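Please read all numbers here as calculations on a predicted model, not as lab measurements.
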Amino acid sequence: MEKLAKAVLNFRWLIIAIVFILTIFLGFQIRNMQINSDVVSALPDDDPDVALFKKVGQDFGGNKIGMIILEADDIFNNEVIYDVKKLTDSIEMMEGIASVTSITNIIDIKSDEFGFEIGKLIDEYNLPYPDEDLLRLKDRVFSKEMFRGVVVSEDATATLIMFTLTDGADIQTVGRAVIDKATSLNLNENLYYAGMPMMVTAISELISHDLIRLLPIAFLVIAFVLFFSFRSFRGVFLPLITAAVAIVWTLGIMVLGGYKMTMVTNNIPILLLAIGSAYTIHVINKINLEMEKDFKKAILSALTYIFIPVTLAALTTIVGFISFIFEAYLTMIKDFGIFTAVGTLISALLALFFAPAVIYAFSSGKARKKQEHTAQRKSLLSIYVLLPLKNLLFRHPKYTLTGWSILILLSIASIFLIKRNVDIKDYFKQDNPARLAEDIMIEKFGGSKPIFISFKGDVQDPELLKAMLRTEEKLKESPFVFTTQSIADLIVEMNEALGEGRQIPDDRDKVEQMWFLLEGNSILKQFVSDNLDEGLIISKFASSDNAEKEKFARDMEQFINENTSDAFEIKMTGMPFIDMKMNKSLLTSQIRSLLIAILALIFIVGIILRSFPTGLYATAPIIAAIVVLFGVMGITGIPLNIVTVLVASIALGIGIDYSIHVISHFNHSYKNGRTLDEALEDTIMISGKSIFINVISVSAGFLVLIFSEMVPLQYFGILMALSMIGSGLAALTLLPVILI
């Protein structure tokens, strides 16, 4: 370690030059950073439900359906109809749009003197309609299931314009273009945007907005804390500059690797700001404490000592992040694990090499007069926090142990209250337009969570079409399914127009004749494959309740098993079922990633410190802090979701750093001839100071996320701050008591 420390000082200018060049190069790459908040693209391809869901999206555009809701006092009004037509026609002309369906262009099958006519619900060439025609239009809409609750709400106050994206179209680009086009038309109705493309667009913009707005605030908050902790330019500048460089390098490497920013990886900058500054804080604090007349000797002495604890802290933090790679259901969580681990490694290297090189390169080499500053800091932090803490631990260790035991038991009881939630609408605040749009979709159109039932076989076979109708009736038995659509519905409408009842004809020739009249209509592509070997039922599920989704899935699986025949194969997919998979994965990935991290940390700490009991000592406080954290989640109702599921393993990886610094300092003091009490006092008064500063600065940085526009990030910030405070307190109270 001493040789390595000497190398850092001897090659200081080379280190600074390399960091400068790499920062410029990687920073230049960040301009190409793209954002992808599409949850579907992050789902695993080897999952059968996901594979079918993605196939439906590719073949039918099914999982790329966007919706514009026009809200007015009465939809059956010429001005509203004109606006719907204007918006429908405008979207149809846009690049990336495959089809558009609205009240002004939807297919309508009417009986006439020759049998039936396939036309449109509204005759655009006869607008405006007289009042009596508007009334007839209203009666027509509410008399047909293919219109009522599908394109017009039951109360006639809202109508939908639905559009599908072409295969390969960029969701966010098209989504933003649709919003811009609708806004530019200055329509009189209230407009809301729903469906996966619009939700993805909204989240992407919130991610971009949060990064631009919150990261500078976090830097300022941490700078404020560091200034009052160190009272020096170096104490503020170096932790922040090393963190900034670590962020730039990590994001630059992400871009070079072809990765995009997601709703999970957008936490990386804030996280690296906390981690990067933490390692440098420990380095600076140790250098300040080692000040001698010979400045070089002081830095060498500090570096020789600090290399091991910082390296060990970084290694254990990396293990916490790597645990996500093995057990995460979503690829975006795996990406998060990879790049937070990379960023942590970069942060540690910068703290151990770059920060000391800068300190030595830009120092006059004269002895630093730190006594006055040290005395000032001692009067504030040491006297009012660390000394009372030390006295409490020495005099009443049993009180501390009892207090933690009670807290842990209460937390364990509260863990069973934790709820899980993967509903994407809950990412938005209550007053967010995307959340309001989703609420309107649930209230007036049966939700926006798509369900797809695939029938693989000859779609012109009457038996297959009849099975489709039976399946639609089964779907509607659920109180959360209000509408269904398929090619079978169109055949039934045509058969009814011929006066032969609402049923599928038994004669295949009749079906083929009707089919001939439908060919060329754009609606056919939504329901039937080009080679007529697959048909689709499209529906929506309105409930976000996991128990209701599970009940619905069980009922439908039983029905499908009973109705599949040799002539056709039935498969089911959709967001409710994928939500169920994600919901179950939250619990399993949380448990497994924590177990992997805990066992790996015990092993690593035990190996490096040559004592497996020491590994257990180091993890005990942070495990206690995590148990308390889960208890807080249960009591406060903060759910486990795809963002908050990260907290425990992150807290384990970062929080154990505090225990490592306490144990390392204690071992160092104890082996150098100090008594148990003296070694613990020295540890609490010196390492306790850097831990205290680190906890406050890191917690303050995470609490900035309270101002995020996304609810899970708000929860993430609160939970991370609580976990840092809890692990810091545990390292400074529970761990010394264990050692005593």
Could you tell me whether the side chain of [X] and the main chain of [Y] form a donor-acceptor pair under 3.5 Å?
X: Asn563; Y: Phe559; result: yes
X: Asn561; Y: Glu557; result: yes
X: Ser478; Y: Leu475; result: no
X: Thr157; Y: Asp74; result: no
X: Ser529; Y: Gly535; result: no
X: Asn78; Y: Tyr129; result: yes
X: Glu709; Y: Leu206; result: no
X: Asn105; Y: Val100; result: yes
X: Ser486; Y: Leu536; result: no

* Steps toward salt bridge (charged side-chain N to carboxylate O under 4.0 Å, His left out) verdict (Arg148, Glu154) -> CA-CA 6 Å; Arg148 186 180 67 249; Glu154 297 272 4; 3.7 Å; yes
Taking [X] first and then [Y], would you say they form a salt bridge - that is, a charged N and a carboxylate O separated by under 4.0 Å?
X: Glu463; Y: Arg508; result: no
X: Glu477; Y: Lys474; result: yes
X: Glu145; Y: Lys476; result: yes

Below 4.5 Å, heavy atoms only, C-beta onward: do [X] and [Y] meet side chain to side chain?
X: Leu469; Y: Leu465; answer: no
X: Met710; Y: Ile203; answer: yes
X: Phe53; Y: Met575; answer: yes
X: Ile538; Y: Thr484; answer: no

* Describe, in one word, how the ring planes of Phe577 and Phe552 are oriented to each other, choosing from parallel (under 30°), tilted (30 to 60°) and perpendicular (over 60°). => parallel
Pairwise distance [atom1]([X]) to [atom2]([Y]) - rounded to 0.5 angstrom:
X: Ile35; Y: Leu211; atom1: CD1; atom2: CG; answer: 6.5 Å
X: Ile97; Y: Ile91; atom1: CD1; atom2: CD1; answer: 6.5 Å
X: Asp439; Y: Tyr192; atom1: CG; atom2: OH; answer: 10.5 Å
X: Leu517; Y: Ile118; atom1: CG; atom2: CD1; answer: 5.0 Å
X: Phe445; Y: Ser153; atom1: CZ; atom2: OG; answer: 4.5 Å
X: Glu472; Y: Ile537; atom1: CD; atom2: CD1; answer: 4.5 Å

* **Asp426 and Asn421: CA distance, side-chain angles, deciding distance, side-chain hydrogen bond (donor to acceptor under 3.5 Å, both in side chains) verdict** => CA-CA 8 Å; Asp426 291 326; Asn421 183 13; 2.7 Å; yes
Above 12 or not: heavy atoms from other molecules or residues under 6.0 Å from [atom1] of [X]?
X: Asp73; atom1: CG; value: no
X: Asp530; atom1: CG; value: no
X: Glu124; atom1: CD; value: yes
X: Lys581; atom1: NZ; value: yes
X: Lys181; atom1: NZ; value: no
X: Lys429; atom1: NZ; value: yes
X: Lys510; atom1: NZ; value: no
X: Glu95; atom1: CD; value: no

* To do: Could you give me the CA-CA distance, side-chain angles and deciding distance for Lys584 and Glu550, then say whether salt bridge (charged side-chain N to carboxylate O under 4.0 Å, His left out) is met?
  => CA-CA 11 Å; Lys584 290 177 182 176; Glu550 290 175 2; 5.0 Å; no
* Check against side-chain hydrogen bond (donor to acceptor under 3.5 Å, both in side chains), Asp180 and Thr183 -> CA-CA 5 Å; Asp180 291 341; Thr183 304; 5.4 Å; no
* To do: Any chance you could lay out the side-chain hydrogen bond (donor to acceptor under 3.5 Å, both in side chains) test for Asp545 and Ser543, step after step, and finish with the verdict?
  => CA-CA 6 Å; Asp545 185 81; Ser543 176; 5.2 Å; no
* To do: May I have the step-by-step check of salt bridge (charged side-chain N to carboxylate O under 4.0 Å, His left out) for Asp506 and Lys466, ending in yes or no?
  => CA-CA 9 Å; Asp506 294 325; Lys466 289 176 182 179; 2.3 Å; yes
Which donor-acceptor pairs under 3.5 Å do the side chains of residues 257-266 make with protein atoms, sequence neighbours left out?
| from | atom 1 | to | atom 2 | distance (Å) |
| --- | --- | --- | --- | --- |
| Thr262 | OG1 | Val264 | N | 3.2 |
| Thr262 | OG1 | Thr265 | N | 3.1 |
| Thr262 | OG1 | Thr265 | OG1 | 3.0 |
| Thr265 | OG1 | Thr262 | N | 2.7 |

* Apply the test salt bridge (charged side-chain N to carboxylate O under 4.0 Å, His left out) to residues Arg136 and Asp131: give CA-CA distance (whole Å), side-chain angles for both, the deciding distance (0.1 Å), then the verdict. => CA-CA 9 Å; Arg136 277 195 290 271; Asp131 289 345; over 6 Å; no
* Pick from Arg435, Lys449, Lys549: which one makes a salt bridge (Lys or Arg N to Asp or Glu O under 4.0 Å) with Asp423? -> Lys449
